[in-house]
A.B. asks: 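Dropping a structure here in structure tokens format, bear with me for questions.
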Amino acid sequence: MSDDLLPIGRFARLCRLSVKQLRHYDDLGLLAPAWTDPSSGYRYYRPGQARDALLAGLLRAMDVPLPVVARVLSGDEGGALREARDRIEADVDRRLRGLRLLDRVVAEGLPDVAVSIVQEPARRVFTASEPATPATIPVATGACVARLLPRMTPGGLLVGLFPLDMADGFDVRVVVEAADGDGVLPGGPFAAAVHVGPYEEIPLTVHGVLAWIGDHGHTPAGPVREVYLDDPATTPPERLETRVMIRVEDSP
């Protein structure tokens, strides 16, 4: 055994990590000890490994996932850290949107929206879809809209389709109405209300419509439809109008 090796306890104190963390990093292949005593299984590290250990601990303290930490330690520092930063930024944006919604609910409660039952015709459409999580809905929706805008005709509807049950992963779909569309958006009876305000606050109106459906003894059938009535490029966020529609299976 080399004289410059540090036992795991001393190395852990040097790197501000616990012995348990170092063992876990070894088990994952993230940071292997320089030498392991074959008879006792005791781990030893070289002082030169401290920089990697300190970096791993720092990144984990910032909630950087272990697979990304592994990429950084293997040399892919720039790309991996940029991706981690983008994920954290997206999570911060999602939490800020949630905070704004919470502030509104605290101030006003669940909105008492004006809901009516409408008979929606079937429409021919083109469809785009993107995989999403609850945190990436805005990005996925934007990507779908960008693909469909060239196919949009004057007066045609642009509709976002979102599942009633938000699982960890799902597909966001957006359709655009077109006479030569290659698919059909089904019609039928819908509970509908108009949301006025930023897109990030649409969930308040969705919940208001669902509350109305429950109050009136109906059964909702997804997906939730968001019909975008204004161009966000020319309409201030507080004046954007979006028709929220949820199919009801038992409407008279």
A.B. asks: Hey, does Leu55 have a side-chain heavy atom less than 4.5 Å from the side chain of Arg51?
C.D. replies: no
A.B. asks: Looking only at heavy atoms, which two atoms of Thr127 and Asp182 are closest? And how far apart?
C.D. replies: N-OD1, 4.5 Å
A.B. asks: Is His207 reaching over with its side chain to a backbone N or O of Pro203, donor-acceptor style, under 3.5 angstrom?
C.D. replies: yes
A.B. asks: Heavy-atom count around Asp165 CG within 6.0 Å, excluding the residue itself: above 12?
C.D. replies: no
A.B. asks: Please determine whether residues Val118 and Leu185 belong to a single hydrophobic cluster, defined as Ile, Leu, Val, Met, Phe, Trp and Tyr linked transitively by side-chain heavy-atom distances below 4.5 Å.
C.D. replies: yes
A.B. asks: Return the minimal non-hydrogen interatomic distance between Glu201 and Leu101, and the atom names on each side.
C.D. replies: CA-CD2, 3.5 Å
A.B. asks: Do the non-hydrogen side-chain atoms of Arg123 and Leu157 ever get within less than 4.5 Å of each other?
C.D. replies: yes
A.B. asks: Determine, using the 4.5 Å side-chain heavy-atom cutoff (strictly less than), whether Leu58 and Leu30 are members of one ILVMFWY cluster.
C.D. replies: yes
A.B. asks: Apply side-chain contact (heavy atoms from CB on, under 4.5 Å) to residues His195 and Glu241 and explain how you reach the verdict.
C.D. replies: CA-CA 6 Å; His195 170 83; Glu241 292 191 359; over 6 Å; no
A.B. asks: So, do Leu210 and Pro220 sit near enough that their side-chain heavy atoms are less than 4.5 Å apart?
C.D. replies: yes
A.B. asks: Using the ring of each side chain (for Trp, its six-membered ring), is Tyr42 parallel, tilted or perpendicular to Tyr44, with breaks at 30° and 60°?
C.D. replies: perpendicular
A.B. asks: Is the shortest side-chain heavy-atom distance between Phe11 and Leu5 below 4.5 Å?
C.D. replies: no
A.B. asks: Go through the steps for Arg71 and Glu83 under the test salt bridge (charged side-chain N to carboxylate O under 4.0 Å, His left out), then give the verdict.
C.D. replies: CA-CA 11 Å; Arg71 287 175 56 192; Glu83 291 176 17; 2.8 Å; yes
A.B. asks: Please examine the side chains of Val113 and Trp212, heavy atoms only from C-beta on, and report whether any two atoms are closer than 4.5 Å.
C.D. replies: no
A.B. asks: Can you check whether Arg23 reaches Lys20 side chain to side chain, under 4.5 Å on heavy atoms?
C.D. replies: no
A.B. asks: Say you draw a straight line from CG of Leu73 to CG of Leu31; how long is it, rounded to the nearest 0.5 Å?
C.D. replies: 7.0 Å
A.B. asks: Show your reasoning for whether side-chain contact (heavy atoms from CB on, under 4.5 Å) applies to Leu164 and Val224.
C.D. replies: CA-CA 6 Å; Leu164 273 175; Val224 175; 3.6 Å; yes
A.B. asks: Could you tell me the separation between the CG atom of Leu161 and the OG atom of Ser129, rounded to the nearest 0.5 Å?
C.D. replies: 10.5 Å
A.B. asks: Keeping the roles fixed (side chain from Thr235, backbone from Pro232), state whether a donor-acceptor pair exists under 3.5 Å.
C.D. replies: no
A.B. asks: Can a donor-acceptor pair be found, under 3.5 Å and without considering hydrogens, that links the side chain of Thr136 to the backbone of Val139?
C.D. replies: no
A.B. asks: Donor-acceptor check, side chain of Thr141 to backbone of Ile137, threshold 3.5 angstrom: yes or no?
C.D. replies: yes
A.B. asks: I would like to know whether His216 and Ile117 meet side-chain contact (heavy atoms from CB on, under 4.5 Å); could you show each step before the answer?
C.D. replies: CA-CA 11 Å; His216 288 76; Ile117 296 291; over 6 Å; no
A.B. asks: Hey, is the main chain of Asp91 close enough, under 3.5 Å, to the side chain of Arg87 for a donor-acceptor pair?
C.D. replies: no
A.B. asks: Under 4.5 Å between any side-chain heavy atoms of Asp230 and Arg239, yes or no?
C.D. replies: no
A.B. asks: Are Leu204 and Leu96 grouped together when hydrophobic residues (ILVMFWY) are joined by side-chain heavy atoms under 4.5 angstrom apart?
C.D. replies: no
A.B. asks: Might you point out which heavy atoms bring Arg247 and Gly188 nearest each other, and give the distance in Å?
C.D. replies: NH1-CA, 3.3 Å
A.B. asks: Could you please spell out the steps behind the salt bridge (charged side-chain N to carboxylate O under 4.0 Å, His left out) verdict for Arg43 and Asp27?
C.D. replies: CA-CA 12 Å; Arg43 298 167 171 88; Asp27 292 340; 3.7 Å; yes
A.B. asks: Are there over 12 heavy-atom neighbours, none belonging to Arg97, within less than 6.0 Å of that residue's CZ?
C.D. replies: yes
A.B. asks: Please check: side-chain N/O of Glu108 versus main-chain N/O of Val105, any donor-acceptor pairing under 3.5 Å?
C.D. replies: no
A.B. asks: Between Tyr199 and Leu158, is there a shared hydrophobic cluster once you connect ILVMFWY residues whose side-chain heavy atoms come closer than 4.5 Å?
C.D. replies: yes
A.B. asks: Apart from Val194 itself, which Ile, Leu, Val, Met, Phe, Trp or Tyr residues share its cluster (side-chain heavy atoms under 4.5 Å, direct or through members)?
C.D. replies: Val196
A.B. asks: Run the salt bridge (charged side-chain N to carboxylate O under 4.0 Å, His left out) test on Arg124 and Asp180 for me, step by step, so that the C-alpha distance in whole Å, both residues' side-chain angles and the decisive distance to 0.1 Å come before the verdict.
C.D. replies: CA-CA 7 Å; Arg124 296 207 66 82; Asp180 59 342; over 6 Å; no
A.B. asks: Does Arg95 have more than 12 heavy atoms from other residues, nucleotides or ligands lying within 6.0 Å of its CZ?
C.D. replies: no
A.B. asks: Taking atom CZ of Phe190 and atom CD of Gln119, what is their separation to the nearest 0.5 Å?
C.D. replies: 9.0 Å
A.B. asks: Quick check for you: to the nearest 0.5 Å, what is the distance between Asp86 atom CG and Leu81 atom CG?
C.D. replies: 11.0 Å
A.B. asks: After noting the C-alpha distance and the side-chain angles of Leu59 and Val72, does the key distance pass the side-chain contact (heavy atoms from CB on, under 4.5 Å) rule?
C.D. replies: CA-CA 10 Å; Leu59 293 176; Val72 172; 4.1 Å; yes
A.B. asks: Give a yes or no on whether the backbone of Val69 and the side-chain of Arg60 come within a donor-acceptor separation of less than 3.5 Å.
C.D. replies: no
A.B. asks: Take a 6.0 Å sphere around CZ of Arg243 and say whether it holds more than 12 heavy atoms from other residues, nucleotides or ligands.
C.D. replies: no
A.B. asks: When you check the gap from the basic side-chain N to the acidic O, do Arg173 and Glu130 get nearer than 4.0 Å?
C.D. replies: no
A.B. asks: If we only count heavy atoms from C-beta on, is the Glu226 to Ile202 side-chain gap below 4.5 Å?
C.D. replies: yes
A.B. asks: Can you name the nearest heavy-atom pair linking Asp171 to Pro163, along with the distance?
C.D. replies: O-CD, 4.2 Å
A.B. asks: Which heavy atom of Ala34 sits nearest to which heavy atom of Arg46, and what is that distance?
C.D. replies: CB-CG, 3.6 Å
A.B. asks: Quick one: do Leu54 and Leu17 end up in the same hydrophobic cluster if we chain Ile, Leu, Val, Met, Phe, Trp and Tyr together by side-chain heavy atoms under 4.5 Å apart?
C.D. replies: no
A.B. asks: What are the two closest heavy atoms between Pro131 and Ala140, and how far apart are they?
C.D. replies: O-CB, 4.0 Å
